[in-house]
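Okay, structure first, notes after.
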Amino acid sequence: MIAFLTGRVAGRGGGTAVIDVGGVGMTVQCTPATLARLRVGETATVATSLVVREDSLTLYGFADADERDVFERLQTASGVGPRLALAMLAVHTPEALRKAVAAEDTAALTAVPGIGRKGAQRIVLELRDKLGDPSGAMEDGPAAAAPRAPAHWRPQVVAGLTGLGWSARDAEAAADAVAPQTGEDPDVAALLRAALRKLSRA
């Protein structure tokens with residue numbers, strides 16, 4: 001088990017970051033909000049979860065250990081694999097997911113691409129006692145802890161959407177739709193959430 005990585009961020013894009021750990025470039029799959037925290041050339045630490053398959057070893061990276069732990073617990077629900085668990089954390093913070101499950105808020109869960117009404121009901125049933133009680137200390141969604149990235153919001157939002165399974169055309173259209181919300185100090189995670197809401201309603 002690789003619990004975390006610390007090293008220089010050698011590259012970032014398309015839903016992944018490459019972290020140079022002792023001269024070895026480790027590719028890590030991340031949520032857009034986690035990627036937004038990473039700066040190429042700077043040293044960073046990410047909590048990680050290693051997913052082992054017969055034909056692959058995939059590292060997933062997170063802003064902190066809580067996010068990683070929720071990622072792993074989400075996968076104990078039927079039909080939730082690592083990609084869907086990552087998508088859930090792209091749309092909601094760990095605290096927002098705890099609130100949704102505790103309140104049986106299936107509407108919040110179906111905002112995640114790939115989760116339908118029955119899937120949301122199953123997740124609520126199976127994870128009710130696994131995610132823990134919500135603290136009520138955080139606002140819903142990933143925006144509260146996300147950094148600002150004024151110069152690079154659009155490619156990050158488009159990459160985040162395509163990484164969640166939307167087509168490039170839909171991702172570009174959603175980015176166009178949320179562009180008026182950017183202002184002078186855009187928040188990548190908040191814009192991603194807004195774009196996902198528009199795509200879910202379309």
Side-chain angles (χ1 to χ4, degrees), residues 15 29-37 47 49 51 60-147 153 156-167 170-171 173-175 177-178 180-181 186-202:
Q29 302 279 337
C30 302
T31 65
T34 300
L35 282 176
R37 292 183 169 89
S49 178
V51 175
Y60 292 85
F62 307 93
D64 54 39
D66 182 44
E67 193 174 57
R68 177 196 61 209
D69 293 345
V70 169
F71 170 79
E72 293 176 346
R73 289 171 189 168
L74 289 172
Q75 293 175 73
T76 65
S78 303
V80 179
R83 280 185 62 85
L84 185 55
L86 197 69
M88 294 172 75
L89 286 165
V91 178
H92 299 294
T93 62
E95 185 65 13
L97 287 170
R98 290 189 185 98
K99 289 179 180 178
V101 170
E104 301 184 11
D105 185 357
T106 56
L109 296 175
T110 56
V112 178
I115 297 181
R117 184 177 60 83
K118 289 185 178 180
Q121 291 172 340
R122 184 176 62 249
I123 288 168
V124 166
L125 180 65
E126 296 185 13
L127 296 182
R128 184 177 297 145
D129 299 322
K130 295 182 180 180
L131 291 185
D133 295 327
S135 68
M138 294 175 61
E139 296 294 328
D140 287 355
W153 73 267
Q156 289 188 54
V157 167
V158 171
L161 294 172
T162 55
L164 292 172
W166 297 99
S167 69
D170 287 342
V178 301
Q181 303 177 29
D187 184 314
V188 173
L191 290 169
L192 177 68
R193 290 180 66 225
L196 281 166
R197 284 195 295 270
K198 290 185 179 297
L199 285 170
S200 295
R201 289 196 295 265

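Keep in mind the model is a prediction, meaning the values are calculated, not measured. Each residue takes its place number in the sequence, starting with 1.
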Pairwise distance CD(E95) to CG(L131) - rounded to 0.5 angstrom: 10.5 Å

Crowding at CZ, R122 (>12 non-hydrogen neighbours, <6.0 Å): yes

Closest approach of A120 to T110 (non-hydrogen atoms, all atoms of both residues): CB-CG2, 3.9 Å

Electrostatic pair R98:D66 at N-O distance under 4.0 angstrom: yes

Whether over 12 other heavy atoms sit under 6.0 Å from K130 NZ: yes

T31 OG1 to L86 CG distance, which is reported to the nearest 0.5 Å: 6.0 Å

For V70 against L89, the heavy-atom pair lying closest together: CG1-CD2, 4.2 Å

Side chain H92, main chain A100, donor-acceptor under 3.5 Å: no

Side-chain donor-acceptor pair present, Q121, T106, cut-off under 3.5 Å: no

T76 and E126 side chains, donor-acceptor separation under 3.5 Å: no

pair L109-R117: side-chain heavy atoms closer than 4.5 Å: no

N/O donor-acceptor pair under 3.5 Å between T34 side chain and C30 backbone: no

L74 and L97, any side-chain heavy atoms less than 4.5 Å apart: yes

Spacing of CD belonging to Q29 relative to CG belonging to L35, to within rounding of 0.5 Å: 9.0 Å

P82 to F71 - nearest heavy-atom pair and separation: O-CE1, 3.4 Å

Stepwise side chain to side chain contact (heavy atoms under 4.5 Å, CB included) check, E67 with T93: CA-CA 8 Å; E67 193 174 57; T93 62; over 6 Å; no

Atom of Q75, atom of A85 and distance for their closest heavy-atom approach: CG-CB, 4.0 Å

For Y60 against F62, the heavy-atom pair lying closest together: O-CE1, 3.4 Å

